[in-house]
Amino acid sequence: MKKILAVANWKMFPRKGTDAKKIFDGIKRTATKLKHVETVVCPPFVYLESLGERVETRNCVLGAQDAFWEHEGAFTGSVSPDMVFAAKARYVILGHSERRALGDTDEIISKKLSAVLLFPLSPIVCVGELTRDTNGAFVHTVRQQVSAALSGRTPADIARMIFAYEPVWAIGGTAKRACTPSESREMISIIRQELAKVLGDEVKAGKVSVLYGGSVNEENVEGFVLEGGADGFLVGRASQDAKTFSELLRRLERVGKK
Ligand code: PGA
């Protein structure tokens, strides 16, 4: 049985390193005890190294929120996969909608992905439509984003990739509502169809992890595991507080046992 992957995306929080340590330690206390859940905390870059010293088990590790496509050089403000790997990150989020809104195109994401795949890092590629329409254009958008990320990849690379379906309209404080588990299941199966097209094999496509993200919290997470078809979750707001995220992790463990 695959473990449920719980990814905490802290975004640009918290303001102080001392708070980052406190939140990480609180999450770690719960996460290290769980058998059915693997936890990944993705803090802002500046906290990676100090939190890296606090990682104790493979059950609760770190991820970066992005990585640049070059290894080093005159790229002011950028951080390379080499650097995040050295700082003990083992996952890298790529193409989050908040980065896409700041200019990351499918082409840029693909370049970043190629760089990340050179390291023993697991890329988490975020895809998702801005809005839903009635003529199915949103499905086309998601297929397009997935196929751009898969283009030119070997089956071995694809086996290391993780996708996260994150409908932009369901993310963050301004979200009108969360996605329903059935909406999530439908889109996750569309992502798997794209994977099967490239891999030529539904069984192999089924082995690639696909997460759901967007207004996931401790109240709705069980429903998403049971009916949403996701292998795990990318959690924003509900991951920025140790108590809330620990409760979410405990609920995942409970459903993971079933
Ligand atoms: P949210 O963010 O959980 O706060 O909606 C999710 C995300 O942006 O990954």
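Each ligand, and each atom within it, is numbered from 1 in the order the structure gives.
Nearest protein neighbour of atom 3 (O) of ligand 1, counting heavy atoms only, is G236 N, 2.9 Å. For atom 9 (O) of ligand 1, the nearest protein heavy atom (residue, atom name, distance) is E166 OE2, 2.7 Å. Atom 2 (O) of ligand 1 has as its closest protein heavy atom K11 NZ, 3.3 Å.
A heavy-atom separation below 4.0 Å is found between S215 and ligand 1. Contact annotation: G172 has at least one heavy atom less than 4.0 Å from an atom of ligand 1.
Inter-residue side-chain proximity for D82 and E72 is flagged as unmet; no heavy-atom pair is nearer than 4.5 Å. Counting heavy atoms from C-beta on, the side chains of I93 and R99 never come closer than 4.5 Å. For the pair D231/I4, no side-chain contact is recorded, criterion being any heavy-atom separation below 4.5 Å from C-beta on.
Ligand-side atoms of ligand 1 in range of L234: 9 (O), range being under 4.0 angstrom from any heavy atom. Counting atoms of ligand 1 from 1 in the listed order, those under 4.0 Å from a heavy atom of G214 are 5 (O). Interface atoms of ligand 1 facing N9, defined by a heavy-atom separation under 4.0 Å, are 9 (O). Residue H96 has at least one heavy-atom neighbour below 4.0 Å for each of these atoms of ligand 1: 7 (C), 8 (O), 9 (O). The distance from ligand 1 to the heavy atoms of R237 drops below 4.0 Å at these ligand atoms: 1 (P), 3 (O), 4 (O), 5 (O).
Using a 30° and 60° split on the angle between ring planes, F224 and Y212 fall in the parallel class, below 30°.
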Per-pair distances, 0.1 Å, donor-acceptor, side chain in residues 10-21, under 3.5 Å, sequence neighbours excluded:
unit_1	atom_1	unit_2	atom_2	d
W10	NE1	S239	O	2.9
K11	NZ	E98	OE2	2.9

Please report, to 0.1 Å, the donor-acceptor pairs under 3.5 Å made by any side chain of residues 30-45, with sequence neighbours excluded.
unit_1	atom_1	unit_2	atom_2	d
T30	OG1	S246	OG	3.2
T32	OG1	K28	O	2.8
E38	OE2	Y91	OH	2.8

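A side-chain donor from one of R153 and S114 sits under 3.5 Å from a side-chain acceptor of the other.
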